[in-house]
Amino acid sequence: MNIFRLLGDICHLVAIIVLLLKIWKTRSCAGISGKSQILFALVYTTRYVDLFFTYVSLYNSVMKVIFLASSYATLYLIYVKFKATYDFNHDTFRIEFLLIPCVILSLLITHDYSPVELLWTFSIYLEAVAILPQLFMVSKTGEAETITSHYLFALGAYRALYIVNWIYRYYTESFIDGIAVVAGIIQTILYADFFYLYITKVLKGKDFKLPA
Amino acid sequence: KAKPAQKDEL
């Protein structure tokens, strides 16, 4: 473990908590893409299947349980409890256009063909694009609640910090996992224009609005 | 530069 990965995991945890609190406190999931949350739940489910038979550390196991539980709790809030506030008119990204390419790619480019490894590879590719329905929804509505922009910033920062963690591990432990690094860079790049808007607008106290 | 056998990242 290194400080970059720890900060990344904390950002990730903060993002998930901020989203849950936003929906719970405002009793509304307006502006939140349920489709992205479905993809995230799928990412954690396929990535953490080893939760039950490989023990890395208490921290590792606890975080996996938290990510799994919170992602399903978020789905419950969006699609069951506050279903009436779910903005399905704007959450229209065709996630099959993400799922199918990720399945194909994970069969073409993977470290090995064991079921756990294939699921892990699939989850890495899917995580890279899981935010697209949310970013698409924000572009359709042209704006996002400030709390939602904080959620997106923390979520984007988590994988950006993981890239720093991979650079650090490359030089200190000769560790490198090309699949995770390439997908992580793509994932972070997808947030680039959002980061720009967030820093130039939200941090200056303005609303998060896309230029018309 | 290999990748580790065990996945220790979240």
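Any value given below was found using the heavy atoms of this structure, including those in side chains, with hydrogens, waters and symmetry copies removed. Letters A, B, ... mirror the listed sequences (proteins, then strands); counts begin at 1. As the structure is a computational prediction, the values presented were derived from the model and not from experiment.
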**Study point:** More than 12 heavy atoms from other groups under 6.0 Å of OH on Y113(A)
**Key:** yes
Exercise for review: Give the minimum heavy-atom separation between K64(A) and L10(B), together with the two atoms involved.
Suggested key: CG-CD2, 3.7 Å
Point to revise | Flag for N165(A)-E9(B): side-chain donor and acceptor within less than 3.5 Å | key: yes
Exercise for review: Step through the shown structure and confirm whether more than 12 heavy atoms of other residues, nucleotides or ligands are within 6.0 Å of OH on Y55(A).
Suggested key: yes
Revision key, fill the gap. So CG of D8(B) and CD of E173(A): to nearest 0.5 Å the spacing works out to 7.5 Å
Point to revise | Minimum heavy-atom distance D177(A)-K7(B), with the two atoms named | key: OD2-NZ, 4.3 Å
Review point. Take atom CZ in F52(A); do more than 12 heavy atoms of anything else shown fall under 6.0 Å from it?
Key: no
**Study point:** Segment of F67(A) engaging chain B (4.5 angstrom heavy-atom cut-off)
**Key:** side chain
**Study point:** Greater than 12 external heavy atoms within 6.0 Å of Y79(A)'s OH
**Key:** yes
Point to revise | Under 4.5 Å from any heavy atom of chain B - which part of D9(A) | key: side chain
